[in-house]
Amino acid sequence: MDGVEQTFRDAMAGLASGVAVVTARRDDERPCGLVATSVSSFSVAPPSVLVSVAHTSRCHAALTERDAFGVHLLAADQERLAHVFAGLGDDKFAGVDWSWDDGVPRIARTLSYLRCRRSALFELYDHSLLIGDVTGGSADGGDPLVYMSRSLDWRLQRGR
């Protein structure tokens with residue numbers, strides 16, 4: 001790793017981000033999902049999100065070829081769920097409470113859930129950037145799971 005790449009990695013480790021699970025339906029009709037920290041709001045008019053997905057992800061095809069996907073923002077107590085979807089297992093949904101929501105795998109009891117319709121797809125370097133217009137979902141509130149300093153166990157402390 002050269003100096004610029006190491007500087008970049010160290011700098012990005014200081015950037016706190018929420019932790020999300022992004023889901024879609026595979027061509028074989030099974031659900032797939034991955035953990036993502038590169039998720040952000042894109043626009044409020046129309047409401048839309050941006051998600052970055054590595055080309056090496058097992059869910060890459062489902063997310064880039066299907067019209068719909070889900071973004072689940074995880075709560076502070078859902079670190080275990082984040083590790084399940086960050087793992088390499090073939091059936092990440094085994095033991096997870098989920099259901100279909102208009103063709104999108106929806107995980108129960110997350111901090112918030114957004115069902116999205118893909119509106120744009122950009123390929124650059126080793127990632128695909130998905131932009132999805134929000135078509136439904138829920139925001140139940142609570143404290144988010146935060147990723148910072150290369151760790152999921154860091155939590156924000158609310159000010160008084």
Side-chain angles (χ1 to χ4, degrees), residues 1-24 31-44 47-64 66 69-96 98 104-116 118-134 137-160:
M1 187 178 325
D2 69 18
V4 171
E5 186 176 337
Q6 185 62 52
T7 298
F8 170 77
R9 288 175 180 260
D10 292 344
M12 292 299 100
L15 180 63
S17 62
V19 180
V21 172
V22 183
T23 61
C32 73
L34 59 90
V35 73
T37 57
S38 294
V39 174
S40 66
S41 63
F42 183 73
S43 175
V44 74
S48 54
V49 296
L50 182 142
V51 178
S52 179
V53 181
H55 290 163
T56 56
S57 169
R58 291 192 224 178
C59 288
H60 184 268
L63 288 165
T64 58
R66 289 286 182 148
F69 62 93
V71 176
H72 306 78
L73 300 179
L74 300 187
D77 63 353
Q78 293 181 309
E79 183 176 338
R80 184 188 131 314
L81 186 62
H83 285 290
V84 166
F85 283 92
L88 298 176
D90 286 330
D91 190 4
K92 296 178 183 181
F93 286 82
V96 172
W98 71 279
V104 174
R106 180 178 183 165
I107 300 169
R109 294 181 295 285
T110 58
L111 186 69
S112 60
Y113 162 72
L114 301 172
R115 185 181 62 246
C116 302
R118 183 171 40 87
S119 57
L121 173 65
F122 302 96
E123 302 288 340
L124 187 61
Y125 306 129
D126 60 348
H127 279 69
S128 297
L129 299 175
L130 296 169
I131 296 175
D133 294 342
V134 177
S138 65
D140 297 326
D143 293 325
L145 179 60
V146 176
Y147 181 76
M148 185 174 166
S149 299
R150 300 177 181 101
S151 177
L152 289 174
D153 59 1
W154 188 83
R155 306 287 194 268
L156 287 174
Q157 299 294 320
R158 291 195 185 266
R160 294 179 190 244

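Predicted model only: the values in this text are computed from it and were never measured.
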Between [X] (side chain only) and [Y] (backbone N and O only), is there a donor and an acceptor less than 3.5 Å apart?
{"X": "Lys92", "Y": "Leu34", "result": "no"}
{"X": "Thr110", "Y": "Ser112", "result": "yes"}
{"X": "Gln78", "Y": "Pro144", "result": "no"}
{"X": "Ser41", "Y": "Ser43", "result": "no"}

Does a side-chain heavy-atom distance below 4.5 Å link [X] with [Y]?
{"X": "Val49", "Y": "Leu114", "answer": "yes"}
{"X": "Phe85", "Y": "Val96", "answer": "yes"}
{"X": "Phe69", "Y": "Val51", "answer": "yes"}
{"X": "Arg58", "Y": "Cys32", "answer": "no"}
{"X": "Pro31", "Y": "Trp98", "answer": "yes"}
{"X": "Val71", "Y": "Val39", "answer": "yes"}

Exercise. Anything under 30° is parallel, anything over 60° is perpendicular, the rest tilted; go ahead and classify His72 against Tyr113.
Key: tilted

For [X] against [Y], the heavy-atom pair lying closest together:
{"X": "Ala54", "Y": "His127", "result": "N-CD2, 3.3 Å"}
{"X": "Gly33", "Y": "Phe93", "result": "N-CE1, 3.7 Å"}
{"X": "Ser48", "Y": "Asp133", "result": "CB-OD1, 3.5 Å"}

How long is the gap from [atom1] on [X] to [atom2] on [Y], to the nearest 0.5 Å?
{"X": "Thr7", "Y": "Asp2", "atom1": "OG1", "atom2": "CG", "answer": "8.5 Å"}
{"X": "Leu74", "Y": "Ile107", "atom1": "CG", "atom2": "CD1", "answer": "7.0 Å"}
{"X": "Asp126", "Y": "Ser57", "atom1": "CG", "atom2": "OG", "answer": "12.0 Å"}
{"X": "Phe42", "Y": "Ser119", "atom1": "CZ", "atom2": "OG", "answer": "7.5 Å"}
{"X": "Ser38", "Y": "Tyr147", "atom1": "OG", "atom2": "OH", "answer": "10.0 Å"}

Practice problem: Please check if any side-chain donor atom of Arg115 sits under 3.5 Å from a side-chain acceptor atom of Thr23, or the reverse. | Solution: no

Quiz item: Please walk me through it: do Asp10 and Gln6 pass side-chain hydrogen bond (donor to acceptor under 3.5 Å, both in side chains)?
Solution: CA-CA 6 Å; Asp10 292 344; Gln6 185 62 52; 2.8 Å; yes

Practice problem: Run through Leu121, Leu129, Val53 and flag the one making a side-chain contact (heavy atoms from CB on, under 4.5 Å) with Thr64. | Solution: Leu121

